[in-house]
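Here is the structure we will look at, set down as structure tokens.
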Amino acid sequence: GRLDRDGVRFEQRRIAMPGNGDAPLLVTQTKIRPPFSIGESVVAGVGVFAVIALLLAFALRTWLGRLLPRIESLSSGVRLFAIDGQTSAELDRLLTTATGTGADELAEVALASRDMVATLALRENQRHAAEQQLRQSEQFFRDVAESAGEFVWQVCANNTYVHLSAQASVAFGRPLTELIGHPVYEFIAARERGAFARQVRLQARSGAPYRRFLMPIVRPDGERRWLAFSGMPIRDENGVTQGAYRGTAEDVTDRRRAEEE
């Protein structure tokens, strides 16, 4: 068995001597010595911990050394895109650097950023292409209208001119700056203004297209002219009219006078 004496552990063994039952027993006690003392164990534990800590610090420093440049590249790429709002060779280089070998979470973030930038760039290009096509269509429409002696016009829901092509200044005898932002019936003779204003408002509320709506205007020199307006309602993305119209108009004064004669 084992026993402790003054903090020291002994292993005790009883050995029977040969003979009859009265033979004495030989008792031996062997001091048990641990492989290390408490102090030695503490020193060894601290040493092992220090070695592990140094290895972890080295591994972390090496890992951060590889990771920090990629984090900086990703951050720079995000800032560049936020400022420019478009792709570039520099942005692609920064995101490629941030991606690295593509085997960790940072690479996934960088790849997702590249996909987002590519999607936004595609949408921006599509928007620019649509705007360019719209401008070309509008220019074509204006060219055709003005070549036929007409001008292009657009009014908002309260029947105020928001757009007029250059030919309108010839018909009204006024610069465009005196026309845009003013109601369509402002240039009608005062005695006729009320009746035509009601017709214009009724037409706008109907939401229906119209052709050759005759409207008399008075030029700054007092000359009375007749303009024939044709228009289509402007619809929103849901196909609903809001009272705004656009179309063409022409000066038919000479033709009207010839018919009256």
Side-chain angles (χ1 to χ4, degrees), residues 85 123-261:
R123 291 180 180 176
E124 185 68 12
N125 291 336
Q126 291 174 341
R127 185 181 67 83
H128 281 303
E131 290 178 350
Q132 180 65 23
Q133 186 176 6
L134 179 61
R135 285 193 294 268
Q136 292 175 350
S137 298
E138 291 176 345
Q139 186 61 47
F140 174 78
F141 182 65
R142 285 193 296 268
D143 292 344
V144 171
E146 293 183 3
S147 66
E150 301 175 344
F151 62 87
V152 179
W153 58 270
Q154 180 175 326
V155 296
C156 60
N158 62 359
N159 298 305
T160 297
Y161 288 117
V162 295
H163 173 76
L164 288 165
S165 61
Q167 192 68 19
S169 63
V170 178
F172 282 89
R174 304 170 185 269
L176 295 181
T177 54
E178 295 182 9
L179 299 172
I180 295 176
H182 294 265
V184 297
Y185 36 79
E186 181 177 315
F187 308 101
I188 301 174
R191 64 180 182 277
E192 301 173 305
R193 189 173 299 161
F196 275 96
R198 286 192 294 273
Q199 292 184 47
V200 170
R201 286 193 288 266
L202 286 173
Q203 182 63 55
R205 283 198 292 268
S206 72
Y210 57 85
R211 286 185 58 80
R212 305 190 68 76
F213 177 80
L214 292 176
M215 183 184 300
I217 64 165
V218 178
R219 288 181 169 179
D221 58 5
E223 182 184 7
R224 178 184 172 89
R225 308 287 295 184
W226 285 89
L227 304 181
F229 286 79
S230 298
M232 293 288 293
I234 300 175
R235 303 180 183 276
D236 61 18
E237 61 274 10
N238 297 317
V240 179
T241 61
Q242 301 294 334
Y245 274 77
R246 67 163 65 99
T248 60
E250 62 175 324
D251 188 335
V252 295
T253 304
D254 296 338
R255 189 185 311 163
R256 185 177 175 86
R257 288 173 179 171
E259 291 174 353
E260 291 176 352
E261 295 176 355

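No experiment lies behind these values; they were computed from the predicted model shown.
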Just wondering, do Q199 and Q203 contact through their side chains at under 4.5 Å, heavy atoms?
no
Could you list the residues that satisfy side chain to side chain donor-acceptor pair (under 3.5 Å) with S230, not counting sequence neighbours?
none
Mind checking side chain to side chain donor-acceptor pair (under 3.5 Å) for R212 and listing every partner two or more places apart, or none if nothing turns up?
E250
Ring centres under 6.0 angstrom apart (Y210, Y245)
yes
Within the 4.5 Å heavy-atom criterion, are F172 and E178 side-chain neighbours or not?
no
Please report the interatomic distance CZ(R201) to CG(N158), rounded to the nearest 0.5 Å.
11.0 Å
Partner residues of E237 under the side chain to side chain donor-acceptor pair (under 3.5 Å) criterion, sequence neighbours left out
none
Non-neighbouring partners of S169 that pass side-chain contact (heavy atoms from CB on, under 4.5 Å), sequence neighbours left out:
L176
So which heavy atom on L179 is nearest to which on A168, and how close?
CD1-O, 4.2 Å
Excluding sequence neighbours, so at least two apart, what forms side chain to side chain donor-acceptor pair (under 3.5 Å) with E192?
R224
Okay, side chain of E223, backbone of I217: is any donor-acceptor separation there less than 3.5 Å?
no
Distance-minimising heavy-atom pair for P233 and A208
CD-C, 4.2 Å
Do V152 and H163 come within less than 4.5 Å of each other through their side chains, counting heavy atoms only?
yes
For E186, what residues pass the salt bridge (charged side-chain N to carboxylate O under 4.0 Å, His left out) criterion, not counting sequence neighbours?
none
Counting distance only, does the side-chain N/O of R219 pair as donor-acceptor with the main-chain N or O of A171 below 3.5 Å?
yes
Excluding sequence neighbours, so at least two apart, what forms salt bridge (charged side-chain N to carboxylate O under 4.0 Å, His left out) with R193?
none
Tell me, please, which residues at least two apart from T253 pass side-chain contact (heavy atoms from CB on, under 4.5 Å).
R225, W226, D251, R257
dist M215:CE -> I188:CD1 (nearest 0.5 Å) comes out at 4.5 Å
What pairs with R198 under salt bridge (charged side-chain N to carboxylate O under 4.0 Å, His left out), at least two apart in sequence or on another chain?
none
Residues forming a ring pair (Phe, Tyr, Trp, His ring centres under 6.0 Å) with Y185, sequence neighbours excluded
none
By salt bridge (charged side-chain N to carboxylate O under 4.0 Å, His left out) - contacts of R191 (at least two apart)
none
Shortest non-hydrogen pair, R235 vs T241, comes out as NH1-CG2, 3.2 Å
Not counting sequence neighbours, which residues clear ring pair (Phe, Tyr, Trp, His ring centres under 6.0 Å) with F196? List them please.
none
Considering only heavy atoms from C-beta outward, does the side chain of L227 approach that of F151 to under 4.5 Å?
yes
